[in-house]
Participant: 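So that we are looking at the same thing, I have put the structure below in structure tokens.
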Amino acid sequence: MHVEALSPLQRVLIIAGAAVLLPVIAVLALLLRNEFADRQAAVEQSALENAHVLIELADALLRGDLQTMRVLATSVPLVTGDLATARDRAAVVLDANPGWTSIALSDAATGQVKFEVGRAGPGAAAQGAPFAAPPPGGSVGGVERVGANCPCVRLQMSVLLQPRNVLRVTLDPAIFQDIMMRRLPAGAVGAIVDRTGLFVARSLDYADRVGTPATSFVQEAVARGGEGFYEGRTYEGLVNVTAYASSPTSGWSAHVAIDRALVSGPRARASAIMLGGSIIALAIGGLMVAYALADLALRRREEAQLLELQKVEAIGRFTGTVVHDFKNLLAVMQAGMNQIARDTKEPRTRERIEMVRAAIQRGTRLTNQLLSFSRADGGEVCEVDLHALIADLEDLIRKTIGRGVELEVRIAPEARAVRANADQIELALLNLAGNARDAMEGSGRMTITAEPEPEGEMIALRVADTGPGFAPEVLEQLFRPFFTTKDPGKGTGLGLAQVEGAVRNAGGTIEARNAEGGGAEFILHLPRARSGAPAATPDRTAEA
Ligand code: ADP
């Protein structure tokens, strides 16, 4: 991540923005999620209410039928054992109850049928294994599919004072189907099942399904009893969430499937919103962290650069004061030697004097270089004609690089005029030439070119050689004062520090890299002079 240096205000705004945005997203996502969760809860609640209503209606119907049976079971003909009259009474009751399909009286102990009346002839009510006497209030059986007067639901009740005589009534389950279909919202899927999990009523495919076992999902709910919800799949393959409620008296239960679109829609939307919210919050958080890290790295870099600069300046100041004193001492020595040389004719002594003078001159050159490095920030900047400057310096450069090294100079006409300190640029070029010579060890090519840069504000002055180029660890500290890879006495580590100082003084920058074809390449980005007519190069013969 690239981070530009931001102002403190921008930083505060970004952090404040993120700090406000994150909780807002979280709260919005939570509110929306709750909204959908509420809607889903409402849908589920309404299905559960429907199931309750259905099972209560079925219960009411059964209670009414048991009530009617009680009237019969406590009637005089039955209680007194007047079977002929009792049978007639039963036929009348059967007629009056359209939901009833047959009435029979049996002996609970022997299973013997004492009488039977049925809409489709005798059969169902009397059928079935002998059974224990039902409780006084009567009992509700399950649904049966096969037999005359079936599919049917069986009710039983003992005759008053004659517990062995059991009255059995069969009902047509269609009455339960009717009340369920009247009650269920249009298009809803529902069923009523008995306590063994057989269908008493079913909104889909009633005729084929009545009296047959419901799915395992329904069976499990029946086994659990009470009320609640379960996820299931109908025989038609409809995956659903179903609300159910059971009756404690009959053991039957009503099941109402919830429209999947109503449940999964809000649920999916709520999840999508939570997911979306989380992703956005995470992305913002991630960006914040990345930004903070990048910002930290940038600050560290800036601090390191500042420290380096301060170090260089400190070294420069220190060098300046010490070297100045040295230069004065050298001047005194030089003057002394000149004096002695004038006074001495003796050849051996003169020879020695020359040696000392040469050493003093080398010392002076070195102190000049040190001084130019320490003063690099202060040299006056004016318009310089690169073409003229290099033309004047060419001889000196050639001498520096030696005969084995070719020199190639190409200064584009539109790149001639730069703003810099001419003395410093000359010294920089000589330093670069000295380094090129050392790198190429006597043979190769040194190229100096100048071209305008695309933006038009700067001129690129390139100095390249065909030496080995830079090792990465050298490239890192190239411009650091006193950094050298050369043997003691050969390198001072001040050459490139001077070059860098000269460029910085001109308001430019410097790059060093390994050239594509091999060798080292320095690019001095120098500000272009505006007038276009470069001033004459200052006379530098005195310096040379
Ligand atoms: P010095 O030349 O006294 O060592 P400089 O500051 O001029 O000091 O150079 C520092 C180091 O940079 C050199 O010791 C050398 O390792 C490396 N260097 C400079 N110029 C070149 C070049 N043209 N090719 C390869 N390495 C170079």
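Counting convention: from 1, in listed order, for ligands and their atoms alike. Every value quoted in this text rests on a predicted model; they were computed, and no experiment measured them.
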Participant: What residue and heavy atom of the protein are closest to atom 21 (C) of ligand 1, and at what distance?
Facilitator: Phe470 CE2, 3.7 Å

Participant: Taking all heavy atoms of Ala428 and all of Gln498, pick out the closest pair and write down the distance.
Facilitator: CA-OE1, 3.2 Å

Participant: Around atom CZ of Phe470, are there more than 12 heavy atoms of other residues, nucleotides or ligands at under 6.0 Å?
Facilitator: yes

Participant: With a cut-off of 4.0 Å, which atoms of ligand 1 are near a heavy atom of Gly491?
Facilitator: 3 (O)

Participant: What protein heavy atom sits nearest atom 23 (N) of ligand 1, and how far away is it?
Facilitator: Asp465 OD2, 2.7 Å

Participant: Using every non-hydrogen atom in the two residues, find where Tyr244 and Gly226 come nearest and quote the distance to one decimal.
Facilitator: CE1-O, 3.5 Å

Participant: To check you understand the geometry: which heavy-atom pair defines the closest contact between Ile397 and Ile448, and what is its length?
Facilitator: CD1-CD1, 4.0 Å

Participant: Considering non-hydrogen atoms of the protein only, which is the closest contact for atom 4 (O) of ligand 1, and what is the distance?
Facilitator: Thr484 OG1, 2.5 Å

Participant: Starting from atom 25 (C) of ligand 1, which protein heavy atom do you reach first, and at what distance in Å?
Facilitator: Gly469 O, 3.5 Å

Participant: Give me the residue, atom name and distance of the protein heavy atom closest to atom 14 (O) of ligand 1.
Facilitator: Thr485 N, 2.8 Å

Participant: What protein heavy atom lies closest to atom 7 (O) of ligand 1? Include the residue and the distance to one decimal.
Facilitator: Asn435 ND2, 2.8 Å

Participant: If you define the side chain from C-beta out and look only at heavy atoms, does anything of Arg233 sit under 4.5 Å from Phe217?
Facilitator: yes

Participant: Using a 3.5 Å cut-off on N or O atoms only, is Lys490 in polar contact with ligand 1?
Facilitator: no

Participant: Please list the nearest protein heavy atom to atom 17 (C) of ligand 1 with its residue and the distance rounded to 0.1 Å.
Facilitator: Leu478 CD1, 3.8 Å

Participant: For Ser246 versus Gly225, what's the shortest heavy-atom pair and its separation?
Facilitator: OG-C, 3.4 Å

Participant: Counting C-beta onward and ignoring hydrogens, is there a side-chain heavy-atom pair between His52 and Leu48 closer than 4.5 Å?
Facilitator: yes

Participant: For atom 5 (P) of ligand 1, what is the nearest protein heavy atom, given as residue, atom name and distance?
Facilitator: Leu496 N, 3.6 Å

Participant: List ligand 1 atoms under 4.0 Å from Thr492, heavy atoms only on the residue side.
Facilitator: 3 (O)

Participant: Measuring from Glu220:CD to Thr215:OG1, what's the distance to the nearest 0.5 Å?
Facilitator: 8.5 Å

Participant: Under 4.0 Å from any heavy atom of Ala439, which atoms of ligand 1 are there?
Facilitator: 22 (C), 24 (N), 25 (C)

Participant: Would you say Gly467 touches ligand 1, if touching means a heavy atom closer than 4.0 Å?
Facilitator: no

Participant: Name the one of Val381, Leu526, Leu461, Asp385 that satisfies side-chain contact (heavy atoms from CB on, under 4.5 Å) with Val418?
Facilitator: Leu526

Participant: Looking just at side-chain N and O atoms, do Thr234 and Glu236 make a donor-acceptor pair shorter than 3.5 Å?
Facilitator: yes

Participant: Could you list the atoms of ligand 1 found under 4.0 angstrom from a heavy atom of Ala520?
Facilitator: 22 (C), 23 (N), 24 (N)

Participant: Using heavy-atom distances only, which candidate in Gly495, Gly519, Gly493, Ala497 approaches atom 1 (P) of ligand 1 most closely?
Facilitator: Gly493

